Amino acid sequence: MMLSFNEKVYRAAKKIPRGKVATYQWIARKINNPGSVRAVGNALHKNPYAPHVPCHRVVCSDGRLGGFAGGAGKKEKLLRREGVSIKNKRIDLLKFGLG
DNA sequence: CATATGACACTAT
DNA sequence: AATAGTGCCATAT
């Protein structure tokens with residue numbers, strides 16, 4: 001079956017385990033479309049599978065949270081709730097093997 | 001088909 | 001370090 005770009009994004013995001021985060025870039029690479037980071041963000045913004053897909057676990061490549069459809073503040077809260085420590089509006093990507 | 005938009009990333013200043 | 005400007009790609013209109 002033909003998966004649209006967005007669906008690929010949701011699939012990749014779905015793999016992100018609880019308590020962990022991934023970058024938009026990470027997703028873009030995972031779906032074999034590096035450079036489509038923007039489109040990835042777009043897909044997650046639309047994200048019709050809201051809670052089903054942990055879109056809140058996707059952050060910027062520089063460690064900042066990025067955006068969130070329900071409000072940036074909400075995103076931070078959700079992440080902290082899952083055990084992700086956020087310092088000065090930033091996340092240690094190194095801690096997750098990214099950066 | 002062309003233009004505009006966006007939850008990014010990178011480089012230059 | 002912080003702030004602009006540029007590039008990039010998939011959708012929506």
Side-chain angles (χ1 to χ4, degrees):
Chain A
M1 95 168 249
M2 174 57 184
L3 293 173
S4 69
F5 180 84
N6 287 24
E7 294 179 80
K8 291 191 207 164
V9 173
Y10 303 140
R11 252 205 205 198
K14 223 165 23 177
K15 299 191 221 156
I16 308 174
R18 183 181 174 285
K20 187 177 170 183
V21 299
T23 67
Y24 295 93
Q25 205 176 45
W26 184 88
I27 299 239
R29 286 185 180 171
K30 211 64 185 165
I31 65 181
N32 208 47
N33 281 85
S36 64
V37 287
R38 257 192 189 254
V40 171
N42 256 338
L44 290 171
H45 181 214
K46 295 177 180 176
N47 179 19
Y49 308 91
H52 179 75
V53 173
C55 45
H56 59 272
R57 292 180 198 153
V58 187
V59 300
C60 287
S61 170
D62 57 357
R64 276 183 285 202
L65 296 181
F68 192 60
K74 197 83 181 181
K75 187 169 182 177
E76 179 180 332
K77 207 165 184 178
L78 278 163
L79 286 173
R80 281 195 171 170
R81 190 178 163 184
E82 301 208 343
V84 179
S85 52
I86 300 170
K87 307 218 163 199
N88 196 9
K89 303 299 182 203
R90 290 224 179 152
I91 296 178
D92 285 20
L93 296 180
L94 303 166
K95 191 183 172 197
F96 300 96
L98 301 172

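Numbered from 1 within each chain, the chains take letters A, B, ... in sequence-line order. The model shown is predicted, which means the values in this text are computed figures rather than measured ones.
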> In this structure, how many angstroms lie between the C1' atom of C:dT3 and the CZ atom of A:R64, rounded?
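The distance from CZ of A:R64 to C1' of C:dT3 comes to 10 Å, rounded to the nearest Å.
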
> What residues form a salt bridge (charged side-chain N to carboxylate O under 4.0 Å, His left out) with A:D62, not counting sequence neighbours?
A:R64

> Output the rounded distance in Å from NZ (A:K89) to P (C:dA2).
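A:K89 atom NZ is separated from C:dA2 atom P by 15 Å.
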
> Taking only residues two or more places apart in sequence or in another chain, which ones pass side-chain contact (heavy atoms from CB on, under 4.5 Å) with A:H45?
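A:H45: side-chain contact (heavy atoms from CB on, under 4.5 Å) contacts with A:A69.
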
> Walking along DNA chain B from 5' to 3', note the first and the last nucleotide with an atom under 4.0 Å from a heavy atom of chain A, and give both.
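Footprint of chain A along DNA chain B, 5' to 3': B:dG6 to B:dC10.
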
> Would you say the side chain of A:R11 lies within less than 4.5 Å of the side chain of A:Y49, judging by non-hydrogen atoms?
no

> Working to the nearest 0.5 angstrom, can you tell me the gap between A:C55 SG and A:Y10 OH?
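With rounding to 0.5 Å, SG (A:C55) is 9.0 Å from OH (A:Y10).
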
> Of A:I91, A:T23, A:V59, which is the lone residue that meets side-chain contact (heavy atoms from CB on, under 4.5 Å) with A:F96?
A:I91

> Between residues 24-49 of chain A and DNA chain C, which residues have a heavy-atom gap below 4.0 Å?
A:N33, A:G35, A:S36, A:R38, A:A39, A:N42, A:K46

> Considering residues at least two apart in sequence or located in another chain, which fulfil the side chain to side chain donor-acceptor pair (under 3.5 Å) criterion with A:K89?
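Applying side chain to side chain donor-acceptor pair (under 3.5 Å) to A:K89 gives A:E76.
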
> Quick check: do A:Y24 and A:C60 have side-chain heavy atoms less than 4.5 Å from each other?
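A:Y24 reaches A:C60 side chain to side chain.
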
> Taking side-chain contact (heavy atoms from CB on, under 4.5 Å) as the test, write out the residues that go with A:R57, two or more places apart.
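Applying side-chain contact (heavy atoms from CB on, under 4.5 Å) to A:R57 gives A:I16, A:R18, A:P54, A:L79, A:E82.
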
> Rounded to whole angstroms, how far apart are NZ on A:K8 and C1' on C:dT11?
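The distance from NZ of A:K8 to C1' of C:dT11 comes to 15 Å, rounded to the nearest Å.
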
